[in-house]
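Notes for the one structure printed next.
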Protein chains: 2
Amino acid sequence: MRQEAFAAAGCAACPVRAEGLCRHLSVDDRSLLHIAPRHVGPGSDLFYQGEPSDEVFRIREGWAFLYELLEDGRRQIVQFVLPGDLVGFHPEVTAPSFGAQAVNSMELCVIPRLRLVEVAHRRPNIAYQLACMFSHDEARAYDRLTSVGRKTAIERIASLLLELFYRLRRRAPEAPGEMLKLPLTQTHIADALGLTPVHTNRTLALLRQKGVIDYGNGLFHILAPAKLFAIAGIDPGSGAEAATLFH
Amino acid sequence: MRQEAFAAAGCAACPVRAEGLCRHLSVDDRSLLHIAPRHVGPGSDLFYQGEPSDEVFRIREGWAFLYELLEDGRRQIVQFVLPGDLVGFHPEVTAPSFGAQAVNSMELCVIPRLRLVEVAHRRPNIAYQLACMFSHDEARAYDRLTSVGRKTAIERIASLLLELFYRLRRRAPEAPGEMLKLPLTQTHIADALGLTPVHTNRTLALLRQKGVIDYGNGLFHILAPAKLFAIAGIDPGSGAEAATLFH
DNA sequence: CGCGATTTTGAGCACCTTCAATCCGTGTGG
DNA sequence: CCACACGGATTGAAGGTGCTCAAAATCGCG
């Protein structure tokens, strides 16, 4: 089968083959899962809010985000999805309450939902791994909720930059120190933080003016990490949020 | 063993024995889990933000909430915990980023964390059930995030009342129609929605004045459910949030 | 009855929004 | 090669939702 060939050949070259879900998959599991590759362009939707989908996606390359829309067009980005993440698996739920959209050009592994359910029921390690992933995502959602509910604009932006920085850094520890390649527009950041693009821009400018960060062309420099932690209201030593940040 | 006796005798009378995690537990599983009962009073902490805990709790009676505190005392309630819920299980994480506090008088089943990990690794159904619970909690967190990030005060309050109403109703379908017994203070509601108690009070008064709800003595009446849905910005027919609400 | 917690109401202020215009980098077509 | 269009970033000015500070009223409870 072509798909099994891909699962074998494709996985060997996969940049995220040793992380998350795939770390626990045996060769048998992989063939059972009927994994198929897919490429999607920027702005493509992986699945839509309120519409049932039978596909689960594992991200090999590229960024996406999960979002909810209100009737009048207001948008909340509830999570950013990075390489190695699994999205689209909603056990026991037919229609997801959120959609998923690609930010840039993405390489995905597509897994039929029922296959994953089947494997999860057969292999406790897989099911447990899924539980761990959901639990971790939940903790991040709680941190974001605290950010949006109780922090000022500058605190929120500092927190988000740190979150993204450490999520990227965990996957690529060899990458240069405080550089952050963000394929996001300021509108994305605004929608993730419950702000307007205008105020997001002003607040980013303020951070730049303070010498804490610099940015341009989709690149963010963290010039003063300690200051950024202080502004975010996170104690890198003992802060509770730091736990989610570093794990 | 006394604990096993409780697990047998206690479970028979447990109001949530047929829901969630316990639905899939065999008698053997139960004795393996070393379940022990506990009573805690209002305001007690089940576990603390940033402090490792080896106990997992299943709620038999009473309400609690999960919350995060900032350095300066700002508090965000990230979730309400109702009878039948499981709290305190953070796989692969030593120190939780949030704490849990009892709202009123509670009856709990306490499970040693390692026991639950063990059983989850042995029984795929249990691990899968955990994944389902986390996934569902995550979806609720996303809905709340959308609420706090993108909705006005009156929309947020309407959304929260509907969420709590339907969560309670699912467990007790026989309960009277639009009555809602909330053991919460207005400060709890404010902290869950990213508002101040003062503004929460004014907004609740506005809802009462509009004839949509009435309240007092910890009881909330939903006088006009359709209006409440409309104010919350939720379409009970096809709205995406409705999916999380009704499931 | 008296105390503390909670709810309620008032007035002024601030953070963030809204509306609007301009600037800039990139890609496209003439 | 330049004009043009387009999305995104930037800046300005005015207004509003929700906050802060403060005090009074009400409720629950010993």
Side-chain angles (χ1 to χ4, degrees), chain A residues 41-43 63 65 70 72-77 101-105 147-160 181-209 213-221 231 233, chain B residues 41-43 65 70 72-77 101-105 147-160 181-209 213-220 231 233:
Chain A
W63 285 40
F65 59 88
L70 302 186
D72 58 4
R74 281 175 287 179
R75 180 176 77 170
Q76 176 70 39
I77 291 179
Q101 185 173 115
V103 174
N104 50 9
S105 190
S147 194
V148 173
R150 286 300 182 216
K151 290 185 179 176
T152 64
I154 197 169
E155 291 170 331
R156 292 181 215 179
I157 289 182
S159 301
L160 180 63
K181 184 160 188 187
L182 283 191
L184 303 173
T185 65
Q186 293 183 7
T187 301
H188 286 132
I189 297 176
D191 280 345
L193 298 179
L195 300 168
T196 56
V198 173
H199 197 246
T200 300
N201 178 279
R202 278 190 243 268
T203 309
L204 280 170
L206 187 62
L207 279 171
R208 176 157 58 184
Q209 178 191 315
I213 64 170
D214 196 11
Y215 60 93
N217 286 335
L219 286 179
F220 280 75
H221 281 264
I231 291 173
Chain B
F65 59 89
L70 302 186
D72 58 4
R74 282 175 286 179
R75 181 176 74 171
Q76 176 71 39
I77 291 180
Q101 186 172 114
V103 174
N104 50 9
S105 189
S147 194
V148 172
R150 286 301 182 213
K151 289 185 180 177
T152 65
I154 197 170
E155 292 170 331
R156 291 182 215 179
I157 289 182
S159 300
L160 180 62
K181 184 160 187 187
L182 284 191
L184 303 173
T185 66
Q186 294 183 7
T187 299
H188 286 132
I189 296 176
D191 280 345
L193 298 178
L195 300 169
T196 56
V198 173
H199 197 246
T200 300
N201 177 277
R202 278 190 243 268
T203 309
L204 281 169
L206 187 62
L207 279 172
R208 176 157 58 184
Q209 178 192 313
I213 65 171
D214 196 11
Y215 60 92
N217 286 335
L219 286 179
F220 279 74
I231 292 174

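Below, chains carry the letters A, B, ... as their sequence lines are ordered, and counting in each starts from 1.
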Inset, instruction - Check the distance between C/dT6's P and B/Asn201's CG and give it to me in whole angstrom. - result: 14 Å
Inset, instruction - Write down the distance between CZ (B/Arg208) and C1' (C/dT9), rounded to a whole number of angstrom. - result: 13 Å
Legend entry - Among C/dC16, D/dC19, C/dT7, the nucleotide that comes nearest once only the side chain of B/Thr185 is considered: C/dT7
Inset, instruction - Quickly work out the A/Lys151 NZ to C/dC15 P distance and round it to whole Å. - result: 18 Å
Legend entry - Selection from C/dT17, D/dT10, C/dT6 that lies nearest to any side-chain heavy atom of A/Gln186: D/dT10
Inset, instruction - Have a look at A/Asn217 and say if it touches a base, only the backbone sugar-phosphate, or nothing, with a 4.0 Å heavy-atom cut-off. - result: nothing
Inset, instruction - Decide yes or no for B/Leu193 and B/Leu160: does some side-chain heavy atom of the first lie under 4.5 Å from some side-chain heavy atom of the second? - result: yes
Legend entry - Between P of C/dC15 and CG of A/Leu193, the distance in whole Å: 18 Å
Inset, instruction - Please work out if B/Gly43 contacts a base, only the sugar-phosphate, or nothing of the nucleic acid, heavy-atom cut-off 4.0 Å. - result: nothing
Legend entry - Integer-rounded Å distance: D/dG8 P and A/Arg202 CZ: 19 Å
Legend entry - Side chain A/Arg75, main chain A/Leu70, donor-acceptor under 3.5 Å: no
Legend entry - Residue B/Thr196, side-chain heavy atoms: nucleotide from C/dT9, D/dC19, C/dT17 that is nearest: D/dC19
Inset, instruction - Decide ring-ring contact (aromatic ring centres under 6.0 Å, His included) for B/Phe65 and B/His188; before the verdict, give the C-alpha distance in whole Å, the side-chain angles of both, and the deciding distance to 0.1 Å. - result: CA-CA 9 Å; B/Phe65 59 89; B/His188 286 132; 5.1 Å; yes
Legend entry - Residue B/Tyr215, side-chain heavy atoms: nucleotide from D/dG12, D/dC19, C/dT8 that is nearest: C/dT8
Inset, instruction - Give the rounded distance in Å between these two atoms: NE2 of A/His199 and P of D/dG18. - result: 16 Å
Inset, instruction - May I ask you to say what B/Thr152 touches in the nucleic acid, namely base, sugar-phosphate or nothing, with a heavy-atom cut-off under 4.0 Å? - result: sugar-phosphate
Legend entry - Donor-acceptor pair present, B/Arg156 side chain and D/dG18 base, under 3.5 Å: no
Legend entry - 5' priority, DNA chain C, between B/Thr187 and A/Ala153 [closest heavy atom]: B/Thr187
Inset, instruction - Let me know the distance between CG of A/Leu219 and C1' of C/dG25, rounded to the nearest Å. - result: 15 Å
Inset, instruction - Would you check if A/Leu182 and A/Leu219 make a side-chain contact, meaning some heavy-atom pair closer than 4.5 Å? - result: no
Legend entry - B/Arg74 and B/Asp191 ion-paired at < 4.0 Å: no
Legend entry - Euclidean distance, atom CD of residue B/Glu155 to atom C1' of D/dG18 [Å, nearest integer]: 14 Å
Inset, instruction - Please determine, for the side chain of B/Val198, which listed nucleotide (D/dA9, D/dT11, D/dA22) has the closest atom? - result: D/dA22
Inset, instruction - Classify the nucleic acid contact of A/Gly218 as base, sugar-phosphate or nothing, counting any heavy atom under 4.0 Å across all strands shown. - result: nothing
